[in-house]
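This is a predicted model, so every value here is computed, not measured.
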Amino acid sequence: MASPDRKPEGGAAEQPRVVIGLDTSFVAREALSLAARLAASVDARLKGVFVEDDNLIALASLPFAREVSFSGDVRELDPERMLRAMKAQAESARRMLARIAAEAHVDWSFDVRRGRPLASLAASASSEDTLVIRAPGETAREVGRAVRAATRETRADVLLVSRGAGLRSSLPAHGPAPRRSTPSLQQFLPGRSVAVVDEGSSAGESCSAFAEALAARFGAAFMRLPARGLGPADIAAAARQSGVGLLVVNADWFGDDDDAGRLSAAAGCPVLLLGREREPRLASEENNQGD
(Lines give C-alpha, C1' and ligand atoms only; values in the text may rest on other atoms or scores of the structure.)
Protein backbone atom coordinates (compact mmCIF):
# COMPACT_ATOMS: atom_id res chain seq x y z
CA MET A 1 0.00 0.00 0.00
CA ALA A 2 1.19 3.53 -0.78
CA SER A 3 2.29 5.96 1.90
CA PRO A 4 -0.73 7.43 3.73
CA ASP A 5 0.16 11.00 2.75
CA ARG A 6 1.14 10.29 -0.85
CA LYS A 7 0.40 13.16 -3.27
CA PRO A 8 -0.82 12.69 -6.86
CA GLU A 9 2.05 12.84 -9.33
CA GLY A 10 2.33 14.47 -12.73
CA GLY A 11 -0.87 16.52 -12.38
CA ALA A 12 -3.05 13.39 -12.28
CA ALA A 13 -6.62 13.76 -11.02
CA GLU A 14 -6.83 13.61 -7.25
CA GLN A 15 -8.21 10.37 -5.84
CA PRO A 16 -11.74 10.74 -4.38
CA ARG A 17 -11.84 10.92 -0.59
CA VAL A 18 -14.15 9.71 2.13
CA VAL A 19 -13.71 12.29 4.91
CA ILE A 20 -14.85 11.64 8.47
CA GLY A 21 -14.74 13.67 11.67
CA LEU A 22 -13.11 11.67 14.46
CA ASP A 23 -13.25 11.33 18.21
CA THR A 24 -12.32 8.39 20.40
CA SER A 25 -15.77 7.01 21.28
CA PHE A 26 -16.92 3.49 20.50
CA VAL A 27 -19.62 4.76 18.13
CA ALA A 28 -16.96 6.78 16.28
CA ARG A 29 -15.00 3.56 15.73
CA GLU A 30 -18.10 1.90 14.24
CA ALA A 31 -18.73 4.89 11.94
CA LEU A 32 -15.06 4.90 10.92
CA SER A 33 -15.26 1.20 10.03
CA LEU A 34 -18.28 1.94 7.84
CA ALA A 35 -16.43 4.86 6.19
CA ALA A 36 -13.41 2.65 5.52
CA ARG A 37 -15.56 0.00 3.84
CA LEU A 38 -17.24 2.66 1.73
CA ALA A 39 -13.82 4.00 0.69
CA ALA A 40 -12.69 0.49 -0.24
CA SER A 41 -15.84 -0.12 -2.29
CA VAL A 42 -15.39 2.98 -4.47
CA ASP A 43 -11.55 3.04 -4.51
CA ALA A 44 -11.37 6.26 -2.49
CA ARG A 45 -8.85 7.58 0.00
CA LEU A 46 -9.89 7.75 3.68
CA LYS A 47 -9.26 11.04 5.48
CA GLY A 48 -9.79 11.50 9.21
CA VAL A 49 -10.25 14.96 10.73
CA PHE A 50 -10.01 15.72 14.44
CA VAL A 51 -11.44 19.15 15.34
CA GLU A 52 -10.35 20.93 18.49
CA ASP A 53 -13.70 22.40 19.49
CA ASP A 54 -13.56 26.19 19.87
CA ASN A 55 -16.61 26.16 22.13
CA LEU A 56 -14.93 23.88 24.67
CA ILE A 57 -11.74 25.92 24.62
CA ALA A 58 -13.71 29.13 25.16
CA LEU A 59 -15.65 27.49 28.00
CA ALA A 60 -12.43 26.45 29.73
CA SER A 61 -11.33 30.11 29.73
CA LEU A 62 -14.34 31.33 31.69
CA PRO A 63 -13.49 32.17 35.36
CA PHE A 64 -16.52 30.30 36.74
CA ALA A 65 -16.04 27.11 34.69
CA ARG A 66 -15.40 23.96 36.71
CA GLU A 67 -14.84 20.27 35.97
CA VAL A 68 -15.90 17.30 38.11
CA SER A 69 -13.70 14.18 38.12
CA PHE A 70 -14.96 10.61 38.33
CA SER A 71 -14.00 10.65 42.00
CA GLY A 72 -16.19 13.72 42.59
CA ASP A 73 -13.39 16.26 42.92
CA VAL A 74 -14.22 19.75 41.62
CA ARG A 75 -11.53 21.99 40.14
CA GLU A 76 -11.16 24.95 37.82
CA LEU A 77 -10.96 24.29 34.11
CA ASP A 78 -7.50 24.98 32.71
CA PRO A 79 -7.37 25.87 28.97
CA GLU A 80 -3.84 24.54 28.63
CA ARG A 81 -4.74 21.25 30.28
CA MET A 82 -7.78 20.96 28.00
CA LEU A 83 -5.60 21.55 24.93
CA ARG A 84 -3.20 18.84 26.09
CA ALA A 85 -6.13 16.47 26.57
CA MET A 86 -7.39 17.28 23.06
CA LYS A 87 -3.97 16.59 21.56
CA ALA A 88 -3.87 13.23 23.34
CA GLN A 89 -7.34 12.42 21.98
CA ALA A 90 -6.22 13.44 18.49
CA GLU A 91 -3.28 11.03 18.67
CA SER A 92 -5.58 8.22 19.82
CA ALA A 93 -7.92 9.01 16.92
CA ARG A 94 -5.00 8.94 14.47
CA ARG A 95 -3.93 5.49 15.68
CA MET A 96 -7.52 4.24 15.42
CA LEU A 97 -7.71 5.58 11.85
CA ALA A 98 -4.42 3.93 10.87
CA ARG A 99 -5.52 0.56 12.22
CA ILE A 100 -8.97 0.54 10.60
CA ALA A 101 -7.64 1.85 7.27
CA ALA A 102 -5.04 -0.93 7.23
CA GLU A 103 -7.74 -3.53 7.91
CA ALA A 104 -9.80 -2.17 5.00
CA HIS A 105 -6.75 -1.86 2.69
CA VAL A 106 -7.28 1.84 1.91
CA ASP A 107 -4.87 4.79 1.78
CA TRP A 108 -5.43 7.30 4.56
CA SER A 109 -4.46 10.73 5.88
CA PHE A 110 -5.14 12.63 9.08
CA ASP A 111 -5.61 16.30 9.92
CA VAL A 112 -6.16 18.33 13.09
CA ARG A 113 -8.14 21.57 12.88
CA ARG A 114 -9.65 24.06 15.30
CA GLY A 115 -13.19 25.35 15.03
CA ARG A 116 -16.70 23.96 15.22
CA PRO A 117 -16.68 20.25 14.28
CA LEU A 118 -19.43 20.13 11.64
CA ALA A 119 -18.66 23.53 10.12
CA SER A 120 -14.94 22.71 9.90
CA LEU A 121 -15.65 19.42 8.16
CA ALA A 122 -17.96 21.01 5.58
CA ALA A 123 -15.79 24.08 4.96
CA SER A 124 -12.85 22.10 3.58
CA ALA A 125 -14.86 19.73 1.36
CA SER A 126 -14.35 19.42 -2.40
CA SER A 127 -16.81 18.19 -5.02
CA GLU A 128 -14.98 14.83 -5.16
CA ASP A 129 -15.40 14.19 -1.43
CA THR A 130 -17.90 12.14 0.52
CA LEU A 131 -18.23 13.54 4.03
CA VAL A 132 -19.24 11.11 6.76
CA ILE A 133 -21.19 13.06 9.38
CA ARG A 134 -21.87 11.46 12.73
CA ALA A 135 -23.15 14.11 15.10
CA PRO A 136 -24.92 12.58 18.12
CA GLY A 137 -24.80 15.85 20.07
CA GLU A 138 -25.94 18.17 17.28
CA THR A 139 -29.46 19.32 16.43
CA ALA A 140 -31.16 18.53 13.13
CA ARG A 141 -30.73 22.21 12.20
CA GLU A 142 -26.96 22.12 12.77
CA VAL A 143 -26.63 18.89 10.79
CA GLY A 144 -28.75 20.42 8.04
CA ARG A 145 -26.56 23.50 7.78
CA ALA A 146 -23.46 21.34 7.37
CA VAL A 147 -25.24 19.21 4.76
CA ARG A 148 -26.33 22.32 2.84
CA ALA A 149 -22.82 23.78 2.86
CA ALA A 150 -21.31 20.51 1.64
CA THR A 151 -23.91 19.40 -0.91
CA ARG A 152 -25.34 22.62 -2.31
CA GLU A 153 -22.39 25.00 -2.10
CA THR A 154 -19.50 22.58 -2.68
CA ARG A 155 -21.48 19.76 -4.38
CA ALA A 156 -19.81 17.11 -2.23
CA ASP A 157 -21.64 13.96 -1.14
CA VAL A 158 -22.55 13.34 2.50
CA LEU A 159 -23.05 10.04 4.34
CA LEU A 160 -25.19 10.74 7.41
CA VAL A 161 -24.82 8.27 10.27
CA SER A 162 -27.22 9.14 13.08
CA ARG A 163 -27.91 7.53 16.40
CA GLY A 164 -30.03 4.45 15.80
CA ALA A 165 -28.77 4.09 12.21
CA GLY A 166 -28.21 0.35 12.58
CA LEU A 167 -24.42 0.50 12.37
CA ARG A 168 -23.83 -2.77 14.16
CA SER A 169 -26.01 -4.66 11.70
CA SER A 170 -24.39 -2.76 8.83
CA LEU A 171 -20.86 -3.91 9.57
CA PRO A 172 -19.38 -7.29 8.62
CA ALA A 173 -18.81 -9.90 11.26
CA HIS A 174 -15.51 -10.84 9.59
CA GLY A 175 -12.58 -8.86 8.25
CA PRO A 176 -13.03 -6.72 5.12
CA ALA A 177 -12.12 -7.89 1.66
CA PRO A 178 -8.82 -6.88 0.03
CA ARG A 179 -8.90 -3.47 -1.57
CA ARG A 180 -9.27 -4.56 -5.18
CA SER A 181 -12.00 -7.09 -4.63
CA THR A 182 -15.66 -6.05 -4.68
CA PRO A 183 -17.27 -5.93 -1.22
CA SER A 184 -20.55 -7.82 -1.18
CA LEU A 185 -23.62 -6.75 0.73
CA GLN A 186 -22.83 -9.45 3.29
CA GLN A 187 -19.64 -7.53 4.09
CA PHE A 188 -20.99 -3.97 3.92
CA LEU A 189 -24.70 -4.13 4.84
CA PRO A 190 -25.47 -7.77 5.69
CA GLY A 191 -28.81 -8.96 4.32
CA ARG A 192 -30.06 -5.45 3.53
CA SER A 193 -30.80 -3.56 0.32
CA VAL A 194 -29.67 -0.28 -1.23
CA ALA A 195 -32.67 1.99 -1.80
CA VAL A 196 -33.04 5.32 -3.59
CA VAL A 197 -35.59 8.08 -3.09
CA ASP A 198 -37.36 8.24 -6.46
CA GLU A 199 -38.63 11.83 -6.67
CA GLY A 200 -39.00 12.12 -10.45
CA SER A 201 -36.53 14.91 -11.32
CA SER A 202 -33.66 14.56 -13.81
CA ALA A 203 -31.21 14.85 -10.90
CA GLY A 204 -33.20 12.17 -9.13
CA GLU A 205 -32.87 9.87 -12.14
CA SER A 206 -29.10 10.35 -12.12
CA CYS A 207 -29.15 9.58 -8.40
CA SER A 208 -31.20 6.43 -9.05
CA ALA A 209 -28.81 5.21 -11.75
CA PHE A 210 -25.83 5.77 -9.44
CA ALA A 211 -27.55 3.99 -6.53
CA GLU A 212 -28.44 1.02 -8.73
CA ALA A 213 -24.84 0.76 -9.92
CA LEU A 214 -23.64 0.99 -6.31
CA ALA A 215 -26.01 -1.81 -5.28
CA ALA A 216 -24.70 -3.96 -8.15
CA ARG A 217 -21.15 -3.41 -6.96
CA PHE A 218 -22.12 -4.40 -3.42
CA GLY A 219 -23.99 -7.44 -4.73
CA ALA A 220 -27.07 -6.01 -3.00
CA ALA A 221 -30.74 -5.88 -3.82
CA PHE A 222 -31.85 -2.51 -5.20
CA MET A 223 -35.18 -0.82 -4.67
CA ARG A 224 -36.86 2.51 -5.39
CA LEU A 225 -38.94 4.36 -2.79
CA PRO A 226 -41.47 6.56 -4.67
CA ALA A 227 -41.45 10.06 -3.17
CA ARG A 228 -44.02 12.08 -5.08
CA GLY A 229 -46.33 13.74 -2.60
CA LEU A 230 -44.34 12.36 0.33
CA GLY A 231 -41.96 13.96 2.82
CA PRO A 232 -38.86 12.81 4.71
CA ALA A 233 -40.93 11.25 7.51
CA ASP A 234 -42.83 9.09 5.02
CA ILE A 235 -39.61 7.99 3.31
CA ALA A 236 -37.99 7.19 6.66
CA ALA A 237 -40.96 5.01 7.61
CA ALA A 238 -40.81 3.18 4.26
CA ALA A 239 -37.06 2.61 4.65
CA ARG A 240 -37.51 1.15 8.12
CA GLN A 241 -40.38 -1.06 7.05
CA SER A 242 -38.38 -2.38 4.07
CA GLY A 243 -35.23 -3.05 6.12
CA VAL A 244 -33.11 -0.78 3.94
CA GLY A 245 -29.36 -0.91 4.67
CA LEU A 246 -28.29 2.21 2.74
CA LEU A 247 -30.62 4.98 1.55
CA VAL A 248 -29.43 7.15 -1.36
CA VAL A 249 -31.00 10.60 -1.84
CA ASN A 250 -30.60 13.52 -4.23
CA ALA A 251 -29.62 16.31 -1.79
CA ASP A 252 -31.60 18.92 -3.74
CA TRP A 253 -34.83 17.06 -2.87
CA PHE A 254 -34.91 18.39 0.68
CA GLY A 255 -37.13 21.39 1.36
CA ASP A 256 -35.36 22.88 4.39
CA ASP A 257 -32.20 22.46 6.42
CA ASP A 258 -33.85 20.23 9.03
CA ASP A 259 -35.02 17.56 6.57
CA ALA A 260 -31.71 15.73 6.08
CA GLY A 261 -31.05 15.37 9.80
CA ARG A 262 -34.61 14.25 10.49
CA LEU A 263 -34.53 11.66 7.70
CA SER A 264 -31.20 10.30 8.91
CA ALA A 265 -32.41 10.06 12.50
CA ALA A 266 -35.63 8.25 11.55
CA ALA A 267 -34.57 6.00 8.65
CA GLY A 268 -32.75 3.39 10.75
CA CYS A 269 -29.83 3.18 8.30
CA PRO A 270 -27.01 5.35 6.93
CA VAL A 271 -28.20 7.93 4.37
CA LEU A 272 -26.01 8.86 1.38
CA LEU A 273 -26.84 12.33 0.02
CA LEU A 274 -25.56 13.01 -3.49
CA GLY A 275 -24.55 16.62 -4.02
CA ARG A 276 -24.23 16.49 -7.80
CA GLU A 277 -25.29 14.53 -10.83
CA ARG A 278 -22.82 11.93 -12.02
CA GLU A 279 -22.48 9.09 -14.47
CA PRO A 280 -23.26 5.64 -13.00
CA ARG A 281 -19.72 4.43 -13.62
CA LEU A 282 -19.44 1.92 -10.80
CA ALA A 283 -21.05 -1.02 -12.56
CA SER A 284 -19.23 -0.51 -15.85
CA GLU A 285 -15.90 -0.05 -14.12
CA GLU A 286 -16.47 -3.28 -12.20
CA ASN A 287 -17.28 -5.15 -15.42
CA ASN A 288 -14.11 -3.81 -17.04
CA GLN A 289 -12.02 -4.98 -14.08
CA GLY A 290 -13.39 -8.50 -14.53
CA ASP A 291 -12.46 -8.66 -18.25
Problem - Chi angles and distances behind the side-chain contact (heavy atoms from CB on, under 4.5 Å) call for V249, F254 - result: CA-CA 9 Å; V249 188; F254 295 113; 3.9 Å; yes
Problem - Non-hydrogen side-chain atoms of V49 and I20 separated by less than 4.5 Å - result: no
Practice task
Output the distance between atom CD (E91) and atom CZ (F50), rounded to the nearest 0.5 Å.
Solution key: 11.0 Å
Practice task
Search all heavy atoms of A211 against all heavy atoms of V196 and return the closest pair with its distance.
Solution key: CB-CB, 3.9 Å
Fill in the blank from the handout: When every non-hydrogen atom of S208 is compared with those of R224, the smallest separation belongs to OG-NH1, 3.3 Å
Handout entry: Donor on one side chain, acceptor on other, S124 and R113, under 3.5 Å
Key = yes
Practice task
Verify, without hydrogens or angle tests, whether D259 (side chain) and G255 (backbone) share a donor-acceptor contact under 3.5 angstrom.
Solution key: yes
Handout entry: N/O donor-acceptor pair under 3.5 Å between R217 side chain and S41 backbone
Key = yes
Problem - salt bridge (charged side-chain N to carboxylate O under 4.0 Å, His left out) between R155 and D252, worked out - result: CA-CA 10 Å; R155 293 298 174 183; D252 289 336; 3.1 Å; yes
Problem - Side-chain heavy-atom pair L247, V194 within 4.5 angstrom cut-off - result: no
Handout entry: Side chain to side chain, L225 and M223, heavy atoms closer than 4.5 Å
Key = yes
Handout entry: Donor-acceptor contact present, side-chain S92 to main-chain A88, <3.5 Å
Key = yes
Fill in the blank from the handout: For V132 and L121, the nearest pair of non-hydrogen atoms, with its separation, is O-CD2, 3.8 Å
Practice task
For residues L246 and L159, determine if any side-chain heavy atom of one lies less than 4.5 Å from a side-chain heavy atom of the other.
Solution key: yes
Problem - Pairwise side-chain contact, T130 with R17, heavy-atom cut-off 4.5 Å (strictly under) - result: no
Practice task
Test side-chain contact (heavy atoms from CB on, under 4.5 Å) on T151 and D157 and set out the steps.
Solution key: CA-CA 6 Å; T151 61; D157 298 335; over 6 Å; no
Handout entry: Heavy-atom check, side chain of V143 versus side chain of S264, under 4.5 Å
Key = no
Handout entry: Separation of I100 CD1 from L32 CG (nearest 0.5 Å)
Key = 4.0 Å
Handout entry: Interatomic spacing from CG in L263 to CG in L273 - rounded to 0.5 Å
Key = 7.5 Å
Completion exercise
In this structure, CD of E205 is separated from CG of N250 (nearest 0.5 Å) by 10.5 Å
Fill in the blank from the handout: Separation between CD (E52) and NZ (K87), nearest 0.5 Å, reads 4.5 Å
Exercise for the section: Answer whether the closest heavy-atom distance between the side chains of R145 and R148 falls below 4.5 Å. Expected result: no
Exercise for the section: Give a yes or no on whether the backbone of G48 and the side-chain of R94 come within a donor-acceptor separation of less than 3.5 Å. Expected result: no
Exercise for the section: Could you walk me through whether E128 and R45 pass the salt bridge (charged side-chain N to carboxylate O under 4.0 Å, His left out) test, one step at a time? Expected result: CA-CA 11 Å; E128 295 298 316; R45 183 185 184 87; over 6 Å; no
Fill in the blank from the handout: Here the pair of heavy atoms bringing G275 nearest to A251 is CA-CB, 4.4 Å
Practice task
Applying side chain to side chain donor-acceptor pair (under 3.5 Å), name anything that partners R262, two or more places apart in sequence or on another chain.
Solution key: D258
Handout entry: Nearest heavy-atom neighbours spanning R240 and A267
Key = CG-O, 3.2 Å
Handout entry: Distance (rounded to the nearest 0.5 Å) between M96 CE and S33 OG
Key = 8.5 Å
Practice task
Evaluate the side-chain proximity of I235 to W253: yes if any heavy-atom separation is below 4.5 Å, no if none is.
Solution key: yes
Problem - Shortest non-hydrogen contact between A149 and A122, atoms and distance - result: CB-CB, 4.1 Å
Exercise for the section: Please report the C-alpha distance between D111 and K47 in whole Å, then the side-chain angles of each, then the deciding distance to 0.1 Å, and finally whether the side-chain contact (heavy atoms from CB on, under 4.5 Å) criterion is met. Expected result: CA-CA 8 Å; D111 192 16; K47 181 177 180 66; 3.6 Å; yes
